[in-house]
Amino acid sequence: QVQLVESGGGLVQAGGSLRLSCTLSGRTFSNYAMGWFRQAPGKEREFVARISRSGGSTYYADSVKGRFTISRDNAKNTVYLQMNSLKLEDTAVYYCAADSSVLGSTNSEQIDYWGQGTQVTVSS
């Protein structure tokens, strides 16, 4: 059974930081590119960041570039999203995603597995 389990969400003031983690079980982690998407209330799910299978390639949405960093530890089957300089508009449910491409997908329809989501709330 494939599971993606996220942790690290919470409430933070604007300008603060949070680190999300997501662990994959039931599949060989290094066979999957990993990514993060988010969904704010009343909005569609949107791409945030992705990292290739090896970790050598990363890509970010313009809205988070320079503030968020995605990384992975293949020995721990875990992907991370370090979020700095958080803004009110970063408030959303954040979803971990795994897909079988080499580089990772920015399209939610191409994702093979999803985590359950973790809430990130940024307050003023």
Which atom names give the shortest non-hydrogen contact between Ser105 and Ser101, and what distance separates them?
N-OG, 4.0 Å
Looking at Arg50 and Asp99, is any side-chain nitrogen of the basic one under 4.0 Å from a carboxylate oxygen of the acidic one?
no
Mind checking whether Tyr60 and Val48 have side chains closer than 4.5 Å, heavy atoms only?
no
Could you check whether any side-chain heavy atom of Leu20 comes within less than 4.5 Å of a side-chain heavy atom of Thr118, counting everything from C-beta outward?
yes
Please check if Ile111 and Trp36 belong to a single hydrophobic cluster, counting links between Ile, Leu, Val, Met, Phe, Trp and Tyr side chain heavy atoms closer than 4.5 Å.
no
Test item: Arg53 and Ser30 side chains (from C-beta on) under 4.5 Å apart, heavy atoms
no
Could you check whether the rings of Phe47 and Tyr59 sit parallel, tilted or perpendicular, using 30° and 60° as the cut-offs?
parallel
Cut-off 3.5 Å, no hydrogens considered: what does the side-chain donor-acceptor table look like for residues 78-86, sequence neighbours left out?
from  : atom 1 : to    : atom 2 : distance (Å)
Thr78 : OG1    : Thr23 : OG1    : 3.0
Thr78 : OG1    : Lys76 : O      : 2.7
Gln82 : NE2    : Asn84 : OD1    : 2.9
Asn84 : OD1    : Ser17 : OG     : 2.9

Glu44, CD atom: more than 12 neighbouring heavy atoms under 6.0 Å:
no
Polar side chain donor-acceptor pair, Gln110 to Ser108, under 3.5 angstrom:
no
Group every Ile, Leu, Val, Met, Phe, Trp and Tyr by side-chain heavy-atom contacts under 4.5 Å, then state whether Tyr95 and Tyr113 land in the same group.
no
Basic-acidic side-chain contact under 4.0 Å: Asp62, Lys65:
yes
Are any of the side-chain nitrogens in Arg27 or Asp112 under 4.0 Å away from the carboxylate oxygens of its partner?
no
Would you say Phe37 ends up clustered with Met34 if hydrophobic residues are merged whenever their side chains have heavy atoms under 4.5 Å apart, either directly or through other cluster members?
no
Single-linkage hydrophobic cluster Val93~Val12, side-chain heavy atoms < 4.5 angstrom
no
Stepwise side-chain contact (heavy atoms from CB on, under 4.5 Å) test for Ser25 and Asn77
CA-CA 7 Å; Ser25 62; Asn77 296 346; over 6 Å; no
